Peer 1: 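What follows is a structure written as C-alpha cells; I'll ask about it next.
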Amino acid sequence: MPSPLTRRGFFQQSFGLGLGAFLWQTHHPLWGPNGRHHVVRRPGTDTTPLIITSHSNETGRKAMETVWEILMNGGSALDAVEKATNIIEDDPEDTSVGYGGLPNERGVVQLDASIMDGKTYSAGSVAALENIRHPSSVARLVMERTDHVMLVGLGALEFAKSWGFEEENLLTDKARERWLRWREEHSDRDDWGPPDHLRRRGEQGTSLSALWAETYGTVNVLAVDANGDSAGITSTSGLSYKIPGRIGDSPIIGAGLYVDNEVGAAGATGRGEDVIKSCASYYIVMRMRDGRSPQAACEDALQMIAERYQAVGLDFLPGEKFVAINRDGEYGCATMRGTRPPRITVVNQSGLSIYEGTIAFPADE
Ligand code: GLY
C-alpha cells in the first residue's frame, strides 16, 4: 500500500488540494470524516496485557510484579512501562541504569532514555542528562509537553528542573570505586581505541564477552495493555567510562527503541554504536510487520548486523541484545554472542516467568 504521504502528494498534484483531500479521507481507513487521523484501536488478545523487561534480576522481577497491577486494572502500557522503569532506575545496585549507574571517564553519571507511545505515535528522549535519577520520566514530559522529540545535556537538565525534578548526585560509592579502579589501572576498557584495537584485545586471548560484560548495561521495558496499545522505554547510564557527551542508542528512536501500535515494540541493549548504525529496533518492528515472530525478528537484526560487518571485512562485536513483543502477546530476545542465552522477565495472565532467548553467534570457546 502506498504511504499516506505519497498518496496525499499524488492527489494534491492531480486533482487539487480540495478534491484530493476529499478522496484521501474517504478512501483511507485511517482518516476520519474531518480529515483528522484517528488511531485504529483493536482490543487486546488472550495473551495480553503483557509486559517484559530485559532485566531478569530481582529488581526487574519486582518492577514487573508491581506494575502488573496497573495493566490488570485496565491501566495504560505507557504508565506501566514508566513506573517499572522508575523502579529499576532507583536501584543503587544496578550500575547500568539511573541512580548508581557507572559514570563517564570524568566520574560524572550521564543518563540517556527514550519513551515511545504506540497509541499516539509519539516519542520523547533525553541524552547526556546529569543529576536526575528518572531520565525516562523526563523523556515522557518531552514527549507529552513539547513538540520536540529529544533534549540533551544542559537543556534537558533545565527542562527537567522546570518540571520539578530535583538534582542529586547519582554517583554511588560502589560506582565511584569502580570508576577509580578503572582510572588507576589506566584501563583500556574505554572507547578511545579504534575498532582494530578492540579486535586485538580479543586475539590476545581475553574473552570479549568478559571484557564487555558490564560496560553497556541498559534496561528495556515493553508492554501491550488490555486495549491492545503498546509502549516502551529504554533507559541507561550508557557505556561506562565513556567520553563525556558520548550518546548511545538508547535515546535514539528507531535504534534503542521503537513502537508501532499495529505491530508491537522492540528495544536494544548492548553496544550502542552498532545499534545506531543498524537502526535495529525499527528493523525488528518492521520485520514483525512483515509477519516474523518477535523471536525471529530479533535474530534477523543480529544476522543483519553480522552481515554488514562481514561485508567490510570486520569481525562483529559481542554487545547487542534485542527484545521484542507483538500485540498478540508473543515475545522474544536474542543476543549476538556469548555463552549464556539472554533472559527477559515476562508477565502476562499466566504469571511471571523468565524467558531464555537465543544466541545468534555462540562464543567459539
Ligand atoms: N546501549 C547502551 C549504550 O550503548 O549506551
Side-chain angles (χ1 to χ4, degrees), residues 53-55 60 85 88-89 91 94-106 108-116 125-130 135-136 138-139 150 152-153 156 170 175 178-179 182 189-193 195 198 208-209 211-222 232-258 265-284 298 301-302 305 309 316-324 333-338 342 344 357:
T53 176
S54 55
H55 269 30
T85 307
I88 295 164
E89 288 168 336
D91 179 3
D94 189 331
T95 54
S96 66
V97 179
Y99 179 68
L102 287 171
N104 66 18
E105 66 175 15
R106 291 194 199 143
V108 178
V109 180
Q110 289 189 321
L111 304 177
D112 300 337
S114 60
I115 186 166
M116 192 158 181
S125 74
V126 290
L129 175 63
E130 297 175 10
S136 59
V138 185
M150 185 181 225
V152 307
L170 303 178
R178 282 204 201 169
W179 166 66
W182 169 79
R189 296 181 194 187
D190 61 24
D191 206 33
W192 290 101
L198 299 176
L208 279 172
S209 309
L211 269 177
W212 292 82
E214 284 195 337
T215 55
Y216 286 102
T218 298
V219 70
N220 313 119
V221 183
L222 310 175
I233 286 180
T234 297
S235 181
T236 189
S237 52
L239 171 66
S240 52
Y241 322 128
K242 59 196 171 187
I243 300 169
R246 177 266 187 190
I247 291 168
D249 59 310
S250 304
I252 298 177
I253 299 299
L257 177 71
Y258 197 73
T269 65
R271 188 176 141 78
E273 283 68 15
D274 289 335
V275 179
I276 292 171
K277 284 190 287 184
S278 58
C279 301
S281 293
Y282 182 76
Y283 182 81
I284 293 166
C298 289
L302 294 168
I305 292 171
Y309 270 85
F316 48 84
L317 293 164
E320 304 81 31
K321 170 181 163 187
F322 298 136
V323 302
C333 70
T335 193
M336 181 63 94
R337 272 185 175 164
I344 56 176

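Start at 1 and go down the list; that is how both ligands and their atoms are numbered. Residue numbers start at 1 and run along the sequence shown. Keep in mind that what you see is a predicted model, and the values were worked out from it rather than measured.
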Peer 1: Could you tell me the separation between the NZ atom of Lys321 and the OG1 atom of Thr218, rounded to the nearest 0.5 Å?
Peer 2: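 OG1 of Thr218 is found 10.0 Å from NZ of Lys321.
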
Peer 1: Scan side-chain atoms only and decide if Thr236 and Asp112 contain a donor-acceptor pair under the 3.5 Å cut-off.
Peer 2: no

Peer 1: To the nearest 0.5 Å, tell me how far Ile252 CD1 sits from Thr234 OG1.
Peer 2: 11.5 Å

Peer 1: How long is the span from the OG1 atom in Thr53 to the CD1 atom in Ile344, to the nearest 0.5 Å?
Peer 2: 8.5 Å

Peer 1: Identify the closest protein heavy atom to atom 2 (C) of ligand 1: which residue and atom is it, and at what distance?
Peer 2: Thr218 OG1, 3.1 Å

Peer 1: For Asp249, is at least one N or O under 3.5 Å away from an N or O on ligand 1?
Peer 2: yes

Peer 1: May I ask you to say whether Glu105 pairs ionically with Arg246, meaning some side-chain N is under 4.0 Å from a carboxylate O?
Peer 2: no

Peer 1: Suppose I only count heavy atoms of Gly248 and a 4.0 Å limit; which atoms of ligand 1 are within that range?
Peer 2: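 Matching atoms, with element in brackets: 5 (O).
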
Peer 1: List the atom of Glu89, the atom of Ser235, and the distance in Å for their closest heavy-atom pair.
Peer 2: OE2-OG, 2.7 Å

Peer 1: List the closest protein heavy-atom neighbour of atom 5 (O) of ligand 1: residue, atom name, distance to the nearest 0.1 Å.
Peer 2: Arg246 NH1, 2.6 Å

Peer 1: Just by distance, with hydrogens left out, do Asp94 and His55 show a side-chain donor and acceptor under 3.5 Å apart?
Peer 2: yes

Peer 1: I'd like to check whether Gly270 has a polar contact with ligand 1, where a contact means an N/O of the residue lying under 3.5 Å from an N/O of the ligand.
Peer 2: yes

Peer 1: Evaluate Gly272 for polar contact with ligand 1, using N/O atom pairs at a separation under 3.5 Å.
Peer 2: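 For ligand 1, there is an N or O atom that lies under 3.5 Å from one belonging to Gly272.
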
Peer 1: Which of the numbered atoms in ligand 1 are below 4.0 angstrom from a heavy atom of Gly238?
Peer 2: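 Answer, ordered by atom number: 5 (O).
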
Peer 1: What are the atoms of ligand 1, with element, lying closer than 4.0 Å to any heavy atom of Ser250?
Peer 2: 1 (N), 2 (C)

Peer 1: Relative to the heavy atoms of Leu239, which atoms of ligand 1 are at a distance of less than 4.0 Å?
Peer 2: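 Those of ligand 1 that fall under 4.0 Å from Leu239 are 5 (O).
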
